[in-house]
Amino acid sequence: MSEVKKAPPGGGGGGGWTRFVTARPRLTLLVALVLTALAVLAGGGVADRMGSGGWEDPAAESTYATEALERQFPGSQPNVLLLVDARGAGVDSPAVAAEARRLAERLGAEPGVDGVGSYWSTGSPALRSEDGHRAVIAARIDGEEKDAAAVLDRIAPAYRGAHGPVEVSLGGGLAVRHEMQTVIQEDLLRAELIALPLTLVLLVMVFGSAVAALLPLGVGIVAILGTNAVLRGITEFTDVSVFAQNLTTALGLGLAIDYALFVVRRYREELAAGADTATAVRTTLRTAGRTVLFSALTVAVSLAAMLVFPQYFLRSFAYAGIAVVLLAATAALTLLPAALVLLGDRVNALDLRRLLRRGGAPGKDAAGKGRDGAADPGREGDAGAGWGRAAALVMRRAPVFAVVTTAGLVLLGLPFLGVKFGTADDRQLPVTASSRVVQDQLRDGFPGNPGGALTVLAEGTATPAQYADYRERIAALDGVGRAEGPVTADGGSAYFTVVPEGETVGAGAQRVVGELRAAEAPFTTSVTGAAAVLVDSKDAIAERLPWAAGIIVLVTLLLVFLLTGSVVVPVQAVLLNALSLTAMFGAVVWVFQEGHLAGLLGFTSTGDIETTLPVLMFCVAFGLSMDYGVFLLSRIKEEYDATGDHEHSVRFGLRRTGGLITAAAVILAVVMVAIGTSRVTNTKMLGLGVALAVLMDAMVVRSLLVPSVMKLTGRLTWWAPGPLRRFHDRFGISETDAPADADADAPADADTGERAYSAVR
């Protein structure tokens, strides 16, 4: 039998921070209120400073070529398109042509606009629709993304709409990204309006007390506002993606609620056990508080792994994720305890569930006690007993549950074997978005492959004959539809336009990129275009993915070892967490790549998945899975230390945390589904995919796979070699804070699992 640990009498003292929070709660809340107000001011307008791109590798060949072309040949890289509709007349009619030339001349005179060209000035058939009723004016707005968007906002009203015999619509890459940013901000506000009331209802169902239910929401709001201020500061030094705001809202609410659930529940149980307010708060911080801090660290590490990637889209999620996780944990461990000290027993006030109770049933207070002060078996007992019985059933048939559950999760993940990677384009937007309408018309009504052309930048002195010979050779490459050029400039630079056959970023176009880069030339060449950006992005992710995965795995193994003292449990945690994500990845391919449920969910399938999304979803979902894993493992470990009974400890851990984890997962899933109502496909994919992963982890992996696997590994679960065990004894993390001379002979009740001192029940 292992040593049974007891708490110091009365719940113990606690560290200096605990004493500060409990001794000066009003000062703590006042400081927090002032800092939150400052965060509101500092974070105001943060979305306007964010970008909507960030999928490119800044060190890639395609990025270099794009930037060089922007400087030397502005007309080769248009980012704004004016689609001129002749309203049934031909675009070559004198009246239409005269008005189009006037618009092009006026556009060229706008400050910040360069490289204006049109069908009427070049005669290029690629700029004229196949039916002859529409044609394009192309231009480039110079400057950084935010500055260019400001110019677009200024000039768009003057060009959009009717102009004599023509109707003008605006499209192009800049217009698409700018509209996407606007749509994301609108969708985020709607998601918050959906998530907040639903979350409050669920919290009331969990806690009963309206007062207790409001506390987690307060923690979440503080974390979100603080993160917005942090992101606003980061935008002063680097680019930040507007998509990161969705993660801020989701994790700010989700994790704050997780942590607050853990803390408030523990505090209420201490009150129900007869502790006074100060002692209950100190005990809560020393026990549940340590687990919250540890959990936040594991989630932050998973999100921090995205910093190894060069794309600012991914790095932005690391900035937002790390900030919101740490702020949520800080608020849960400072503001929440201070509020609990001031509330005392009133944390159980306004028990709204009394409205649902029948008159003949005994009354119960919000802490789960009857009016006579006895513990209420219908609250903690019955629900916990159900989880305990389920765990016992799973462990009795451990091989069956382990094999069937694993096989089922692997089966759900099989569609991911057919994943195809692509780049985000205008089809991320709803079909009614104005810039999307323009791009659809270009895609469907114009010859060639709009948006799919590759550009080869040639740098170095060459003769006309050498240019012509090079053009002929690249035009003859397999998969090339046509090659045009060169367009030359002073200084010895030129560029060629190459149109691949087939899809814009399909396998054929990507193969052409490789052939162009391998082709011999008497000058230095670099290739850009949608397919080239995709090739470079895939290479950058593939190069750094082992580093990101290694960081996540190694740090997770270390942290779980510090929590459990076992070398087996960390390996189990990593493998089972990864297995819990298979359903998410399979669903992403089946739904978003293959287009199943596209009509129901309201998106357009492009036949591929944006390259960075699986990386993002893995880091977020893995971190959240570890969040729930820490809650469960810490409870199992503490019980095993107290009793030495492995199977009992697993049952006890499920009984005490099963309901908590499920409630937290459902609430987080509600928040993620609210994010998933976005009209932008990538945001929809992120929200719905992570919601599925969270539910699968809580309801399948934690309920079925963890107890069955731990049953199969038995007492070996807790094994560690001697040197590592001694290391854990000195540096390990535990919820308990028992003195070294704890009474080893203290009795333990293995049936009820109640201890004089225990972790969150």
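Excluded from the calculations below are hydrogen atoms, water molecules and symmetry mates; all remaining heavy atoms, backbone and side chain alike, are included. From a predicted model like this one, the values you see are computed outputs, not experimental measurements.
At distances below 3.5 Å, at least one donor-acceptor pair connects side-chain atoms of Ser566 with backbone N or O atoms of Val569. In terms of modelled atom types and a separation under 3.5 Å, the side chain of Ser708 and the main chain of Leu705 share a donor-acceptor contact. A donor-acceptor contact shorter than 3.5 Å links the side chain of Thr564 to the backbone of Val560. Listed for the Asp608 side chain is no donor-acceptor partner under 3.5 Å among the backbone atoms of Lys420. The backbone N or O of Ala531 sits nowhere less than 3.5 Å from a side-chain atom of Thr423 that would complete a donor-acceptor pair. In this structure a side-chain-to-backbone donor-acceptor pair under 3.5 Å is missing from Ser62 to Thr528. Judged by distance alone, the side chain of Thr582 and the main-chain N or O of Leu409 form a donor-acceptor pair under 3.5 Å.
Between Ser241 and Met50 the shortest heavy-atom distance is O-SD, 3.7 Å. Annotation for Val588 and Met685: closest pair CG1-SD, 3.7 Å, computed over non-hydrogen atoms. The minimum heavy-atom distance linking Leu188 with Ile675 is given by the pair CD1-CD1, 4.1 Å. Between Asp425 and Met180, the closest heavy-atom pair is O-CE, 4.1 Å. Annotation for Arg315 and Pro310: closest pair CD-O, 3.9 Å, computed over non-hydrogen atoms. Shown here for Phe262 and Leu660, the closest heavy-atom pair between the two residues is CD1-CD2, 3.1 Å.
With sequence neighbours excluded, the residues satisfying side-chain hydrogen bond (donor to acceptor under 3.5 Å, both in side chains) with Asp187 are Arg190, Ser678, Arg679. The salt bridge (Lys or Arg N to Asp or Glu O under 4.0 Å) search around Glu61 returns Arg517, not counting sequence neighbours.
Classified by interplanar angle (parallel below 30°, tilted 30° to 60°, perpendicular above 60°), the ring pair Phe313/Phe243 is perpendicular. Taking the six-membered ring where tryptophan is involved, the planes of Tyr259 and Phe631 are perpendicular, since the angle between them exceeds 60° and thus also 30°. Note: Phe727 and Phe561 have parallel aromatic rings, judged against thresholds of 30 and 60 degrees for the angle between ring planes.
Using a 4.0 Å cut-off between a side-chain N of Lys or Arg and a carboxylate O of Asp or Glu, Arg49 and Glu236 qualify as a salt bridge. Between Arg725 and Asp729, no side-chain nitrogen of the basic residue sits less than 4.0 Å from a carboxylate oxygen of the acidic one, so the salt-bridge criterion is not met.
Judged by distance alone, the side chains of Glu594 and Ser605 never bring a donor and an acceptor atom under 3.5 Å apart. Inspection of the Gln311 and Ser537 side chains reveals an N or O donor paired with an N or O acceptor under 3.5 Å.
Note that OG of Ser625 and CG of Leu576 are 10.0 Å apart. Values are rounded to the nearest 0.5 Å.
A side chain to side chain donor-acceptor pair (under 3.5 Å) with Gln428 is found for exactly one of Thr681, Thr683, Asn682, Thr606, namely Asn682.
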